[in-house]
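Down below is the structure, laid out as structure tokens.
This one's a predicted model, so the numbers in the text were calculated from it and none came from an experiment. Below, chains carry the letters A, B, ... as their sequence lines are ordered, and counting in each starts from 1. Quick note: numbers below take in every heavy atom, side chains included, and nothing from hydrogens, waters or symmetry partners.
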Amino acid sequence: MAMREVLDAIEFATCASSIGQVVVAHGSQGIRAVFIGDDDAAVLLALRSRFPLAALTPDQGSCKRVLPDVMGLIESPWKDFSLPVDSCGTTFQQQVWHALREIPAGSTASYTDIAQRIGCASAVRAVAQACGANPLAVIVPCHRVVRRDGGLSGYRWGVERKRELLRRESVWSSRIEPA
DNA sequence: CCTCAGTAGTGCC
DNA sequence: GGCACTACTGAGG
């Protein structure tokens, strides 16, 4: 785990989106991270602090190949996404992230729902922590997890961005599935 | 509205 | 191994 972060070369590229500056990091096995922030400085700082020991180099081609799909997902988060990803995390985190990918666009789940779904009903707070540790913004839709009482709770990249993503998905969802 | 305890995974020491 | 963190939750002021 830590070894791989040292040995694996990671390429990165930034790009402007409608909800902020995006940085995509790509390693030998796939997309390592997608972060959102106010500007290049912010997202690059976040990237460096996530991979303090890795060899980060400006894009040599792999980011450029995946960027259209990633940006498309950010503008239209209900689209399918099937490019290879390579997020490293603990077993628990992987379970949480896997569960998140099964929340359909247009709907939300509570931290309790996710905890139950992975068979750790009482690990609610740990689930929230794992959501916050999700390195694949929008690809792993942690923005669809909200409080049981309906509150938005937090979002690593800013609650306003979470609100906007959910708003778009809700609009899209009510358009193809009129009540 | 606010506080508090229960609770479980993670990171740092 | 301990200890202090949480993007929680439900109960009780």
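The separation between A/Arg156 atom CZ and C/dT6 atom P is 14 Å, rounded to whole Å. For the pair A/Leu152 CG and C/dT9 C1', the computed distance is 17 Å after rounding to whole Å. Look at CD on A/Gln116: it is 15 Å from C1' on B/dT7, rounded to the nearest Å. In this entry the distance linking CH2 of A/Trp97 with P of C/dA7 reads 15 Å, nearest Å. A straight line from CZ of A/Arg147 to P of C/dA7 spans 12 Å, rounded to a whole angstrom. Between the P atom of B/dA8 and the OH atom of A/Tyr111 lies a distance of 19 Å, rounded to the nearest Å. One can place CG of A/Leu166 at 13 Å from C1' of C/dA7, the figure rounded to the nearest angstrom.
Looking at every heavy atom in both residues, A/Val145 comes nearest to A/Cys131 through CG2-SG, 4.2 Å.
Under 3.5 Å, the side chains of A/Gln94 and A/His98 contain no donor-acceptor pair of N or O atoms.
Nearest to the side-chain atoms of A/Tyr155 among the listed nucleotides C/dA7, C/dC5, C/dT9 stands C/dA7. When the nucleotides B/dG9, C/dT9, C/dC8 are ranked by their closest atom to the side chain of A/Ala126, B/dG9 comes out on top. Among the nucleotides C/dT9, B/dA8, C/dA7, the one closest to any side-chain atom of A/Cys142 is C/dA7.
Using Watson-Crick or G-U wobble geometry with both donor-acceptor distances under 3.5 Å, B/dC12 finds its partner in C/dG2.
Contact check, A/Thr112 against C/dT9: a side-chain N or O comes under 4.0 Å of OP1 or OP2. Within the 4.0 Å cut-off from OP1 or OP2 of C/dG10, at least one side-chain nitrogen or oxygen of A/Arg148 is found. Residue A/Ser122 places at least one side-chain N or O under 4.0 Å from the OP1 or OP2 atom of B/dA8.
Projected onto DNA chain B by closest heavy-atom contact, A/Arg125 and A/Cys120 fall at different nucleotides, the more 5' of which corresponds to A/Arg125.
Ring geometry, A/Trp78 versus A/Trp172: the interplanar angle falls under 30°, so the pair is classed parallel (tilted spans 30 to 60°).
Put simply, the side chain of A/Val43 does not reach to within 4.5 Å of the side chain of A/Val22, judged on heavy atoms.
Between the OG atom of A/Ser28 and the CG atom of A/Asp86 there is a distance of 6.5 Å, given to the nearest 0.5 Å.
Counting any heavy atom pair closer than 4.0 Å across all strands shown, A/Phe92 reaches sugar-phosphate atoms only and no base atom.
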